[in-house]
Enquirer: 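The structure's right below; bear with me while I get my questions together.
Note that these values count all heavy atoms, side chains included, but never hydrogens, waters or copies made by symmetry.
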Amino acid sequence: PGFEIGRSVDVVGRAALEHRMPETLPDALDEAAGVHVQKTNAGAGSPILRGLVGPDNLILVDGVRFSNSTFRTGPNQYLSMIDPWALERIEVIRGPGSVLYGSDAMGGVIHAVTLSPRALDDRWFGASGRGMFSTATLGGGGTAQVDLDTDLWDGYAGGTVLSMGELRAGGGETERLSDYQRYGGRLKMTQTLGGSWILTEAAFWNSIRGAGRTDLLEAGRARSYDNDDLLAYLRAERRGSGWLKNLRINLSYHRTGEVQSDWRCGTDGDGVTLDRAACAAQAADALTKRASLEDTVDTLGFFATWEARAWHQRLRILAGADGYFDWIASTAKEATPDSWTWKEKDRGNFSDGSTYSSFGAFVSSDIDFARVGDHTFNLQGGARFSFFDAHADDVPGLGDVSYQYAGVVGSAGVKYLYGDLLNVYVDFSQGFRAPNLQESTVLGNTGKSFDTPNDQLRPVRSHTLEVGAKLHHRWFRANVAGFTTWLDDVFQRVELSQPEWEALGLTAEEVGGTPVYRRENSGAGFYKGVEGGLSIGPFRGFTLWDNILWVEGDVEDAAGALNPGSRVPPLMGAGGLRWEAEDTRLYAEFSVRWAARQDRLAPEDLKDLRICEDPNRPGTLLSGDACRGTPGWVTFNLRAGWRPVDFLGLQLNLENLGDTRYRTHGSGIDAPGFQALASVSATY
């Protein structure tokens, strides 16, 4: 139970997913406590947890590692490859989770839990479906699922199709290249075997087509992404008691594919696009270069966990091991105006045939060392050993790359429980992130910079002290947590001079005027923050809720200079008043989302057009202290739903009622203006 955990956690349940009608999974986290969602483009979204972004946060699906060794540093779109309409809930663990889950779990863990097969009572067949339409994009889609419940097995098969038009932002302006399509399918079956064993087979596949990125359009550059994802697993689970409370063995296969289409257009002497509309449309007379990069990652994985209970349920032990092996295929081609004939390049984003392996083993336990009436005192501790091995051939400037790392992280905590009323805890947890292939071997333009490889990177490590309290009393629930995080060996981008990048075999044409960087372990960081949530009700059907987040981060560079951390979210929060009828057939909710101005910017932020673009001269940066960061904003929203009969549901959401034009900090696209979301669902 979330109340009993000595950590900050949040769960977005099935009802909340249905009521929010998210286009993508990141959209479903907009109101989750302690989560800031950055969007570089439509159809994407990257959660920021405790000031950390991208591969600093681990993504899991049904306990299987979704993150792989090619996930881009900083904001990326991979969380959007999980269909929110296929989920039962989303669990958010804020703070390090590396003892249980391994590398990348420094800021936190996003765990997507897929739907379980539906119990159909006296029937063996069932079906459900939902359709949705958005006025902001003049697009929509739907999902459908068939459920089977037999004496031998339970299961379902379903799919989702979504087609979104160009986004209307606040004030009526249309965001170029913001249209995209998403579709996918799902399949899950479970069988109950002898000896309390349960066997599960599952497969989930999703595709996004034509997700354009235009944050650099004004500077003569745009791109579009086509992504495919397939995750399949086979799981055997034995549920028991005592020293064999739970045993899980899981084998998985994960395949990710990405085709990045990149094009450049003519610019003036200041580097500003000559014809923005023609560039967005990829008109031949506006283009100066085209490129296509394709990466495919095949991952084989396993994990096994063993859970035990002893001493009258007062001692709990969880132990396990896991391993994942990535094999990367990478190609690239480009075309120029002379003939627009595609020419294969010697190398893609990665060396073709690169591999990346990770293995780990962990043990975690907690014990109620004292119980007096309703008072319980508990101790927790855990440790993990991890090993990583990476290989890449013919990396420019480095030759053949091969590196290995091994290390240990731990956690410890103490908590006091007063029945199911109060939980007060102190937790210390370590996290780490091993350098992945994107950081150690990539060569190319990753958005706002041209990155070069470095095979001497070491893992980043984090150390977090968290103090928190949770109070649950009938209709009153509150939680608050304060944390401090120390980061060692932080990856920082060091700009290379022209002679340095020319020594790597790069040409001015390839670089295209973009700053060239190499990552180094040259920084140390310190982050601190407070998260809180409140819920009062239901009282006569009404529930008042609110959550708030404040986080501040600083990073010290190799020269000893202390600067704000990059992309750290501003003071932000959400709240609302909800009413639901006693028979749950009718509900209505008014909510507010807001964020303060973020003008505490890192040197890297000051060079980011997504944050410091000159509004009077698009495509150029504001100079000096002229950049005041991202303005604050507030939106007001209404939701209502009605279930006139058991099998039919109707829902209407009115979002951003004031048609406010805004964007979340660090994003490359404005948020939707006023929009109506309508949904119809049916269940048999």
Side-chain angles (χ1 to χ4, degrees), residues 12-25 28 61-64 66 80-90 112-133 139-164 181-193 198-209 228-237 250 252-255 584-585 641-651 677-684:
V12 181
R14 180 64 179 173
L17 287 170
E18 292 180 348
H19 295 166
R20 294 176 189 178
M21 286 191 277
E23 292 179 19
T24 65
L25 193 149
V61 176
D62 290 347
V64 179
F66 189 82
S80 297
M81 297 309 300
I82 302 171
D83 182 5
W85 293 359
L87 301 183
E88 190 170 282
R89 66 185 185 276
I90 307 168
V113 181
T114 63
L115 292 167
S116 299
R118 186 159 59 105
L120 300 176
D121 299 326
D122 57 345
R123 294 182 291 116
W124 65 273
F125 172 83
S128 60
R130 172 183 291 267
M132 184 269 285
F133 178 78
T143 186
Q145 181 170 301
V146 174
D147 301 274
L148 297 177
D149 185 353
T150 71
D151 294 337
L152 298 177
W153 53 272
D154 304 329
Y156 61 76
T160 297
V161 176
L162 199 68
S163 180
M164 311 307 291
Q181 293 76 45
R182 176 169 66 84
Y183 54 88
R186 55 189 180 269
L187 176 69
K188 182 184 276 190
M189 296 185 295
T190 64
Q191 300 90 38
T192 301
L193 309 177
I198 297 175
L199 190 66
T200 302
E201 306 93 6
F204 305 92
W205 57 97
N206 290 284
S207 297
I208 289 181
R209 291 288 180 267
D228 296 288
D229 190 272
L230 167 64
L231 175 64
Y233 65 81
L234 173 65
R235 175 175 302 170
E237 180 177 6
N250 195 99
S252 63
Y253 170 71
H254 188 200
R255 181 181 180 90
T584 70
R585 289 185 177 274
W642 179 40
R643 189 158 48 86
V645 290
D646 289 340
F647 64 86
L648 180 65
L650 306 174
Q651 186 174 329
L677 294 168
S679 172
V680 178
S681 62
T683 303
Y684 167 72

Enquirer: Side chain to side chain contact (heavy atoms under 4.5 Å, CB included) with Asp646: which residues, sequence neighbours excluded?
Expert: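 Checked Asp646 against side chain to side chain contact (heavy atoms under 4.5 Å, CB included); matches are Arg585, Arg643.
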Enquirer: Do the side chains of Arg123 and Asp147 get close enough for a salt bridge, i.e. N-O under 4.0 angstrom?
Expert: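 Salt bridge flag = no for Asp147 with Arg123.
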Enquirer: Roughly how far, to the nearest 0.5 Å, is NE2 of His254 from CZ of Phe204?
Expert: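 That separation rounds to 11.5 Å.
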Enquirer: Contact between Met81 and Ile208 at the side-chain level, heavy atoms closer than 4.5 Å - yes or no?
Expert: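 Heavy-atom side-chain distance check passes, below 4.5 Å.
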Enquirer: Take Gln651 and His19 through the side-chain contact (heavy atoms from CB on, under 4.5 Å) test and state the conclusion after the steps.
Expert: CA-CA 8 Å; Gln651 186 174 329; His19 295 166; 4.1 Å; yes
Enquirer: Would a 4.5 Å heavy-atom cut-off, applied to side chains only, mark Val12 and Arg20 as touching?
Expert: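 Side chain of Val12 against side chain of Arg20, heavy atoms only: contact under 4.5 Å found.
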Enquirer: Rounded to the nearest 0.5 Å, how far does CG of Leu234 lie from OG of Ser252?
Expert: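 Result: 10.0 Å between the selected atoms.
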Enquirer: Do Ser116 and Glu88 have a side chain donor and acceptor closer than 3.5 Å?
Expert: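 Result is yes, a qualifying pair exists.
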Enquirer: Report the residue from Leu231, Asp228, Leu25, Asp83 that forms a side-chain contact (heavy atoms from CB on, under 4.5 Å) with Asn206.
Expert: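 When side-chain contact (heavy atoms from CB on, under 4.5 Å) is applied between Asn206 and each of Leu231, Asp228, Leu25, Asp83, only Asp83 qualifies.
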Enquirer: Yes or no on side chain to side chain donor-acceptor pair (under 3.5 Å) for Arg130 and Ser679, after CA distance, side-chain angles and deciding distance?
Expert: CA-CA 7 Å; Arg130 172 183 291 267; Ser679 172; 2.7 Å; yes
Enquirer: Look at the side chain of Lys188 and the backbone N and O of Leu115, then say whether any donor-acceptor pair between them is shorter than 3.5 Å.
Expert: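 Such a contact is found between Lys188 side chain and Leu115 backbone.
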Enquirer: Using 0.5 Å steps for rounding, measure from the CD atom of Glu23 to the CH2 atom of Trp85.
Expert: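 Result: 9.0 Å between the selected atoms.
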